[in-house]
Amino acid sequence: MSQTSETFDPFDPTGMFKAMREANLDAWSKSMIQLVNSEAYAQASGAMLDTWLTNSGPLQKAMEAAMAQVLANLQMPSRGDIIRLAERLTNIEMKLDDLDAKLDEIQRTLGKAARPKSKSSHAENPG
Amino acid sequence: MNTTDARSPDCAEVYARLQKISENAKTFNRLVMTEAKIAQTPKEVVWTLNKAKLYHYVPVLPVEKQHKIPLLLVFAIMNRPHVLDLRPGHSFVEYMLRHGYDLYLLDWGAPGPEDSKLKFDDYTLEYLPRVVRKLKAVSGSDTFNMLGWCLGALISTMYAALRSDDGLKSLLLLTAPLDFKDKTTGGFIRWTTSDTFKPDSIVDHFGNVPGEMIDYGAKALKPVENFIGSYLNLWDNIDNPRVVEAWHAMNTWVRDIIPMAGGVYRQLIQEFYKENRLMEGTLVLRGERVDLARLKASVLNVIAEADHITPPCQSEGIMDRIGSQDKTLLRVKGGHIGIMAGSGAEKSTWPHIEQWLAARSH
């Protein structure tokens, strides 16, 4: 697939682009990295993002309110209801994990208590 | 193909070449659009909480040949941890299992809308202590070693400083973003500390920060390489199965993006990038001040010299602040991901990590 920049092969569709790349890609890459690392880019991209968020925010809120109303009218849970339910499930999971920790601790204590006993029983019955 | 040949190609030759281009284009399309099988090393889930999972890898060596102290891998919160076990034959997990480590992997999972308020406080002092507790119960060891990568290294560092008596013996930090004093080195810090950048607006709008947004940000740091160069590289090497397989696996991992919890994002930008609280000693998690001097575990801090996501200056400064007596700074040639998942990682990075850890795993 390779092709030098001095030649042109019409049967390699990327040939022209590759020849150009060989000559320019490094320089292009360096200049783009320099650009995105500049203060001007940081300012401009932040401002563009903020403008988009400011403009789309009211529409998003209006849609959320409308959807919540529709779901309420249909006697269905809203996104907020499901989020609250999921949060409660996570809290229950935490409680279960606390119980699991306690069980592990009990198991460990029992294991420690049982070990010397089994050693002594081996000692009593070497055969 | 000899392009300097003056003879015009005949019809059969033209047809064959067009057919080859067509085949290559199909292969290219398949590789870009499909998923490779990654994270194949056998493992079992030993703990779950909310979206988080703790995996235990099935050991490949008998118990008597294994290191006594288990190793916990903690990856970043905005990507899947599969990059640690990318593909059979090129996997850090595989490598460490072959060297006798008892390996555990923490997968934070993808936060849902109900997790948008999660903060570093929760990851560091709610989730990680529970993970450590379970790891100890499963492994039967009171001590453990921990490897944190990227934001996983940040969480691991905070945990190690706050819970220095929890059995952590050694801490490995990979490309750890910890020190944000220099506001001009690196694209992320420039963008996020600009006065036009408003993390509160982003979080208020989205809840969790979309993975696409984070992915775009990471790729935009090197736009030509990521948006063009990567695909050109694939096209150039499409007849090379080794390159193709590696590219496909990496692309599968890169495409598997997850959102970042809104609370964490807000905190990352405000308290770390803007105010540098960890290094200033003013960071407080759940009412506890994070004092790096209290971090006593042995530390290996691995820095990627060509890291554009976490520039070396964001990782180096911690060495003078931590209370550890046994601490080593290791510089490796390569980028943020490349040092651990690149084709040369098995020679340039993994052996250093393994040898350092082997001496601290008994």
Side-chain angles (χ1 to χ4, degrees), chain A residues 1-4 6-15 17-18 21 25-26 28-33 35-39 41-50 52-54 56-57 60 79-80 82-90 93-94 96-98 100-101 103-105 107-108 111, chain B residues 1 3-4 9 13-14 16-18 20-21 24-25 47-51 112-117 126 130 133-134 136-138 140 184-187 189-198 201-202 204-207 213 217 220-225 227-229 232 235-239 308:
Chain A
M1 295 305 298
S2 63
Q3 173 183 14
T4 63
E6 293 85 35
T7 60
F8 171 68
D9 179 359
F11 301 104
D12 183 352
T14 59
F17 190 69
K18 276 195 289 186
R21 179 190 66 180
L25 202 69
D26 261 5
W28 187 24
S29 169
K30 277 177 190 156
S31 64
M32 284 302 288
I33 289 172
L35 173 73
V36 298
N37 277 287
S38 67
E39 190 56 34
Y41 181 88
Q43 289 279 339
S45 59
M48 277 172 65
L49 180 62
D50 193 49
W52 180 75
L53 291 171
T54 308
S56 60
Q60 187 196 25
R79 186 173 186 269
I82 292 177
I83 287 174
R84 279 189 290 278
L85 188 63
E87 284 170 349
R88 289 179 70 182
L89 283 173
T90 303
E93 266 193 278
M94 292 232 181
L96 285 173
D97 193 58
D98 290 341
D100 183 51
L103 282 173
D104 280 344
E105 189 55 41
Q107 210 170 13
R108 196 180 157 131
Chain B
M1 180 174 75
T3 54
T4 57
E13 205 177 332
V14 169
R17 282 156 70 175
L18 285 173
K20 178 69 181 158
I21 289 168
N24 286 349
W47 173 90
T48 64
L49 178 64
N50 195 3
K51 317 298 184 304
E114 67 278 15
D115 304 313
S116 65
K117 293 185 191 113
E126 188 72 72
R130 290 171 185 272
R133 197 261 317 154
K134 194 67 194 177
K136 286 179 182 174
V138 175
T184 57
T185 306
I189 199 159
R190 265 194 186 274
W191 302 344
T192 55
T193 55
S194 155
D195 53 7
T196 56
F197 187 82
K198 293 169 183 164
S201 303
I202 297 171
D204 291 344
H205 187 88
F206 291 111
M213 197 173 191
L221 291 170
K222 280 189 170 180
V224 176
E225 281 88 340
F227 293 117
I228 299 167
L232 287 177
W235 182 260
D236 285 348
N237 293 285
I238 206 140
D239 293 324
H308 62 293

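Note that the structure is a prediction, hence the values are computed from the model and not measured. In what follows, chains are A, B, ... by sequence order, proteins preceding strands, each numbered from 1.
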Heavy-atom contact with chain B under 4.5 Å, split by part of [X]:
X: A:Met48; result: neither
X: A:Glu39; result: both
X: A:Arg84; result: neither
X: A:Leu53; result: both

Mind listing the closest non-hydrogen atom pair of [X] and [Y] along with its distance?
X: B:Ser194; Y: A:Ala42; result: OG-O, 3.7 Å
X: A:Val36; Y: B:Pro223; result: CG1-CG, 4.3 Å
X: A:Gln43; Y: B:Thr196; result: O-OG1, 3.0 Å

Is the shortest side-chain heavy-atom distance between [X] and [Y] below 4.5 Å?
X: A:Met32; Y: B:Lys222; result: no
X: A:Ile33; Y: B:Glu225; result: yes
X: A:Asp98; Y: B:Arg130; result: yes
X: A:Thr54; Y: B:Ser201; result: no

Which region of [X], side chain (C-beta onward) or backbone (N, CA, C, O), has a non-hydrogen atom less than 4.5 Å from a non-hydrogen atom of chain A, or is it both or neither?
X: B:Thr48; result: both
X: B:Asn237; result: neither
X: B:Leu49; result: both

Self-check item: Over 12 non-hydrogen atoms of neighbours within 6.0 angstrom of NZ in B:Lys117
Solution: no
How many angstroms lie between [atom1] in [X] and [atom2] in [Y], if you round to the nearest 0.5 Å?
X: B:His205; Y: A:Gln60; atom1: NE2; atom2: CD; result: 4.0 Å
X: A:Asp100; Y: B:Arg133; atom1: CG; atom2: CZ; result: 4.5 Å
X: A:Asp50; Y: B:Ile202; atom1: CG; atom2: CD1; result: 8.5 Å

Self-check item: Backbone N/O of B:Asn50 and side chain of A:Glu93: donor-acceptor pair under 3.5 Å
Solution: yes
Practice problem: Output yes when a side-chain donor or acceptor of A:Asn37 lies under 3.5 Å from a complementary backbone atom of B:Gly187, and no otherwise. | Solution: yes
Quiz prompt | Side-chain ion pair, B:Lys134 and A:Asp97, N-O less than 4.0 Å | solution = no
Self-check item: Carboxylate-amine/guanidinium contact A:Asp104 B:Lys136, below 4.0 Å
Solution: no
Quiz item: Hey, which of B:His308, B:Lys51, B:Glu126 has the most heavy atom pairs under 4.5 Å with chain A?
Solution: B:Glu126
Quiz item: Who passes ring-ring contact (aromatic ring centres under 6.0 Å, His included) against A:Tyr41, sequence neighbours left out?
Solution: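 Residues passing ring-ring contact (aromatic ring centres under 6.0 Å, His included) with A:Tyr41: B:Trp191.
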